[in-house]
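Worksheet: one structure, shown below.
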Amino acid sequence: MTAPALSVESLSYGYGRGAFALQDVSLAVEAGSFTALLGPNGAGKTTLFALITRLFESTSGTIRIGGVDLRAEPTRALARMGVVFQQPTLDLDLTVRQNLLYFAALHGLPRRTAQARALEALERMGMAERIDETVRRLNGGHRRRVELARALLHEPALLVLDEPTVGLDVPARRAIVEHVHDLCRERGIAVLWATHLIDEIGPDDRVVVIHRGRIRAAGPVGDVNRDAGAETLTDSFNRLIAKEAA
Amino acid sequence: MTMTAAHYARALGGIVGREVLRFVHQRERFLSALVRPLLWLFVFAAGFRAALGIAITPPYETYITYEVYIAPGLVGMIQLFNGMQSSLSMVYDREMGSMRMLLVSPLPRWFLLTAKLLAGTAVSILQVYAFLAIAWVYGVQAPPLGYVTVLPALVVSGLMLGALGMLLSSAIRQLENFAGVMNFVIFPTFFLSTALYPLWKMQEAGELLYAICAVNPFSQAVELIRHALYMKLNAPALGWTVLALVVFLGGAIYGYNPARGFLARRGAGAE
């Protein structure tokens, strides 16, 4: 059996004394699976995300990317991962091409390969003709598409996205959600998608419900609904959250 | 992807190239970086020329005007502001997003931070040469070969001042604190140095001031630049500047250590 694209085991993290932002979190994302990390604001999604991308490090628990321990071999693990952050990270004054080539250089791609993949990735997003425009001239949805194209340049096996649709209008949101689902299906990429919006999750997806730093439910959407005794994911989610409050 | 020398070289080229491209696009930043030292040269130094005579002091071999004395100090000022400005933009969160992007790339963190410093230094050197060119036209001229020999000195001093900025950016959490940096870092660093007056002048003013000026790493950087501009190597100044670079860079790498969670505390505000 091959190792999952992402596995998190017994991960805990606290910002200060006392309160835990994450407590004993475990989850796995398999190749070709779209896994939504669903939780209200402040549930710990961004903290978990920052630990997975090694912006910071926890001393308890392990994170493995394709079987590679992130703490022991950070560079090898990070090379297999594509990231889309919640806040925009493109250079507004540079062109789309310059932004993509900068990222490709960080991943050590030869220039010719980088050029070819940048064009290919943009074509897939319907953005190829914008390649020499400065990012400042693109709207929010198009900027997000560029960030998605960028995250795929080094052909990662795992793609992690932290609330990637924040600030987008409905059509742009839908386009990004559909596109990432396609990536899972067609290219077998494993996706971890953090969100607090239930309508971004499809019936065939997997879902991990997180609340107050703990995992409350995990599995295919159907199973989570069955276990919660609910018809829809919205109802399941509300019950799982309410249980805590009671 | 395996990490090879080619990977490191490409990443370094990408990081420096990005910084230079950004700089080219930000003309206001370039202009303000030039206007500040030029004001000092055209107004302050011109006014002080009458009041302040500079006796022969190394590396100069003749009497010099105050403008000639102050020019290397203003070169240091350009690099000091450049170093602080990059830390300001990180505190401002303008750069925080791209900093995250940088830190998740598959290279050791010390390398990424050092490459970022080199990139900032490259930009500061472009600013310095633009300033020196205008100063030349104005009549403040060093020996032609000095403009070549000053380059390695500029690399060392630029890295040291950039590392200071990076260290500060890892320690300062809020923009409000940056006014404090201006007051308590930039101004004292500049005024308590050999940028504006030679060390022996300071000694006349007081032993304490003299001692502070002498140990100020910025003084060392300015003296390194001053001597290099006249094709002389000031070995002690080089040694102290390199030592300060090692200490500041070490501190910055520690500050950005993921286990220390500096970015974590920044991120905590977002969620």
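Below, chain A is the first sequence line, B the second, and so on; all start at residue 1.
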Subject >> Partner chain B: residue of A/T53, A/L94, A/L90 with the largest heavy-atom pair count (under 4.5 Å) >> reply: A/L94
**OP:** Output the distance between atom CG (B/L126) and atom CZ (B/F131), rounded to the nearest 0.5 Å.
**Re:** 15.5 Å
Original post:
If you measure from the Lys or Arg side-chain nitrogens to the Asp or Glu carboxylate oxygens, is any gap between A/R117 and A/E120 under 4.0 Å?
Top reply: no
Original post:
Considering only heavy atoms, which portion of A/R80 lies under 4.5 Å from any heavy atom of chain B: side chain, backbone, both, or neither?
Top reply: neither
**OP:** Indicate yes or no: at least one non-hydrogen side-chain atom of B/I15 is less than 4.5 angstrom from one of B/E19.
**Re:** no
Subject >> chain A interface, residue from B/V24, B/L112, B/L102, B/L12 that has the most non-hydrogen pairs under 4.5 Å >> reply: B/L102
Subject >> Main-chain N/O of A/P40 paired to A/K45 side chain as donor or acceptor, under 3.5 Å >> reply: yes
